[in-house]
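To start, the structure itself, in structure tokens.
For the numbers below, each heavy atom of this structure counts, side chains included, while hydrogens, waters and symmetry mates do not. Atoms within a ligand are numbered from 1 in the order they appear, just like the ligands themselves.
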Amino acid sequence: NIKGVIFDLDGVIADTAVVHHAAWKKLAAEIDIPFDDAIGERLKGVDRRASLEILLEQASRSYSEAEKEALATRKNDYYRQQIQQFGPQQLLPGARAAVESVRGAGLKTALASASRNASLLLEKLGIADLFDYVVDANHISRAKPDPEIFLAAARGLGLAPSECLGVEDAAAGIASIHSAGMTAVGIGQPQALAGADLLLPDVAAFDISRFIKT
Ligand code: BG6
Ligand code: MG
């Protein structure tokens, strides 16, 4: 039986998938690297440096370590400029209600975010107190699709992986949830999230009652 729900942040709770996408697209244009929606989809849920490596697959020259650091920082600066202005209006529709419904049903809630900006975002959105436990990229060493982040979240909740549900908008996240031995709820398009155990168009459609045995 499910006793806890572990939510991804970007693209599930916060309307930031588009902001990350736009920041990478801007960087790509500046260094003359082709960028399309398929590449944008591959970047979802992937940490900052791994995202840059995906982007640089299309590059016509190689980049030094120092150059890569500078590019990753530049992308993050573009992203941070946007989220400075964020407030509760950047919660995705139904996100707060989805998390509250889980708590209301007596289950635990956690957040598993690949982002180093997660705590800033939680503060801006005003939802930090909705989660019993938060794991972000600063707490783990292996990024999604590795299961480490979801396993750390389950451990923080004091639950076995089989008692947890993971909610994700990215293919890398669904893979991470499954490797952790959890049930995966995908939020978004079937093309990108074919592996999910349950696919929903958006977080507003999330209904915890279907996972609770009565
Ligand atoms: C994930 C996003 O949540 O965090 C990715 O889906 C992003 O797009 C990753 O690259 C890392 O985020 P940040 O804020 O540390 O660059
Ligand atoms: Mg996401």
Side-chain angles (χ1 to χ4, degrees), residues 5-28 35-57 68-84 86 90-92 94-95 98-99 110-125 127 131 134-146 148-150 152-153 165-178 180 182 184-189 192-193 195-196 199-203 206:
V5 182
I6 304 169
F7 293 90
D8 171 46
L9 177 60
D10 294 310
V12 170
I13 304 286
D15 197 5
T16 42
V18 286
V19 187
H20 280 293
H21 181 100
W24 284 121
K25 192 173 178 175
K26 179 172 161 75
L27 180 73
F35 189 90
D36 59 22
D37 286 350
I39 295 175
E41 194 61 44
R42 281 179 67 201
L43 301 183
K44 274 191 196 167
V46 173
D47 77 2
R48 200 179 306 163
R49 268 308 290 265
S51 297
L52 179 67
E53 295 296 344
I54 292 173
L55 203 73
L56 295 180
E57 283 172 11
K68 287 180 185 177
E69 273 310 309
L71 290 174
T73 301
R74 206 202 293 180
K75 182 268 169 181
N76 193 46
D77 290 344
Y78 296 151
Y79 177 72
R80 302 256 315 189
Q81 276 165 24
Q82 297 304 310
I83 64 169
Q84 281 317 326
F86 268 33
Q90 271 77 32
L91 283 167
L92 282 161
V99 184
L111 192 85
S113 175
S115 173
R116 293 197 148 76
N117 295 298
S119 50
L120 171 66
L121 211 49
L122 288 178
E123 183 197 309
K124 295 267 181 201
L125 299 171
I127 53 165
F131 299 97
V134 173
V135 190
D136 67 33
N138 299 303
H139 305 107
I140 52 138
S141 52
R142 292 179 304 279
K144 299 172 188 177
D146 188 281
E148 183 183 5
I149 190 163
F150 281 94
L165 199 68
V167 187
E168 264 286 352
D169 70 318
I174 299 290
S176 174
I177 294 168
H178 278 155
M182 300 176 187
V185 176
I187 303 287
Q189 300 305 311
L193 304 172
L199 186 70
L200 302 173
D202 48 50
V203 72
F206 182 81

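- Applying the 4.0 Å criterion to heavy atoms of Asn117 picks out, from ligand 1, the atoms 13 (P), 14 (O).
- For Phe35 and His21, the distance between ring centers is under 6.0 angstrom.
- For ligand 1, the polar-atom distance check against Trp24 finds no nitrogen or oxygen pair separated by under 3.5 Å.
- Across all non-hydrogen atoms, the minimal contact from Asp136 to Ala118 is CB-CB, 3.8 Å.
- Ranking protein heavy atoms by distance to atom 8 (O) of ligand 1, first place goes to His20 CG, 3.5 Å.
- Of all protein heavy atoms, the one lying nearest to atom 11 (C) of ligand 1 is Ala114 O, 3.5 Å.
- Taking distance alone, with nitrogen or oxygen atoms compared against 3.5 Å, Tyr79 stays at or beyond that limit from ligand 1.
- Minimum interatomic distance between Ile149 and Ser176 (heavy atoms only, all atoms of both residues): CG2-OG, 3.9 Å.
- At least one heavy atom of Gly45 sits under 4.0 Å from some atom of ligand 1.
- Those atoms of ligand 1 that come under 4.0 Å of a heavy atom in Ser51, given as number and element, are 10 (O).
- Side chain of Ser113 to backbone of Asp8: no donor-acceptor contact under 3.5 angstrom is found.
- Of all non-hydrogen atoms in Phe206 and Ala98, the two that sit nearest each other are CD2-CB, 4.1 Å.
- The shortest N or O to N or O distance between Asp47 and ligand 1 is not under 3.5 Å.
- Counted by atom type alone, His20 and Lys75 present one or more donor-acceptor pairs between their side chains at under 3.5 Å.
- No hydrogens or angles considered: a donor-acceptor pair under 3.5 Å links the side chains of Asn76 and Asn117.
- Lys26 forms a cation-pi arrangement with Tyr78, by the criterion of a distance under 6.0 Å to the ring centre and an angle within 45° of the ring axis.
- Of the candidates Asp10, Asp8, Val46, it is Val46 that places a heavy atom closest to atom 7 (C) of ligand 1.
- Panel note: side chain Asp37, backbone Gly40; no donor-acceptor pair is recorded below 3.5 Å.
- Residue contacts with ligand 1, taken as heavy atom pairs separated by less than 4.0 Å, involve Arg116 via backbone and side-chain atoms alike.
- Restricting Asp10 to its N, O or S atoms, the one at the least distance from the Mg ion (ligand 2) is O.
- Given atom 16 (O) of ligand 1, the protein heavy atom at minimum distance is Arg48 NE, 2.7 Å.
- Angle subtended at the Mg ion (ligand 2) by Asp8 OD2 and Asp169 OD1: 90°, rounded to 10 degrees.
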